[in-house]
Amino acid sequence: LPPLEKAACLWVGADRLSICWDPARLDGGAALILRATGVSLIAEFAVHICEDAGEKALASRVELAVRVTLFAMAAPLLTEVVTAVTEALA
């Protein structure tokens, strides 16, 4: 499939998934994992598009941006874990 048709298939699939998924029923950790998975998949798709276009430098920048984004998404969860560990040790 050409890239635009692949993107259209992804859009339709995401739309169908959103009908079945109610974010209000997920706790913080599960919602975070689901969001991180979505960001990772979209970023992987973008990196492959950049590499196919011959833009290796742009692909590496996208990968770096995604790593920073995923770390920022996980920071509150990591803070909770560190707090729980320090309280358990105190």
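Reckoned from all heavy atoms, side chains included, excluding hydrogens, waters and symmetry mates.
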Name each donor-acceptor pair under 3.5 Å that joins a side chain in residues 80-90 to protein atoms two or more places apart or in another chain, with its distance.
{"unit_1": "Thr83", "atom_1": "OG1", "unit_2": "Thr79", "atom_2": "O", "d": "2.8"}
{"unit_1": "Thr86", "atom_1": "OG1", "unit_2": "Val82", "atom_2": "O", "d": "3.1"}
{"unit_1": "Thr86", "atom_1": "OG1", "unit_2": "Thr83", "atom_2": "O", "d": "2.9"}

Expected list for residues 39-64: side-chain donor-acceptor pairs under 3.5 angstrom, two or more places apart:
{"unit_1": "Ser40", "atom_1": "OG", "unit_2": "Ala36", "atom_2": "O", "d": "2.9"}
{"unit_1": "Glu44", "atom_1": "OE2", "unit_2": "His48", "atom_2": "NE2", "d": "2.8"}
{"unit_1": "Ser60", "atom_1": "OG", "unit_2": "Ala57", "atom_2": "O", "d": "2.7"}

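Alongside Ile33, the hydrophobic cluster contains no other residue (criterion: ILVMFWY side chains under 4.5 Å).
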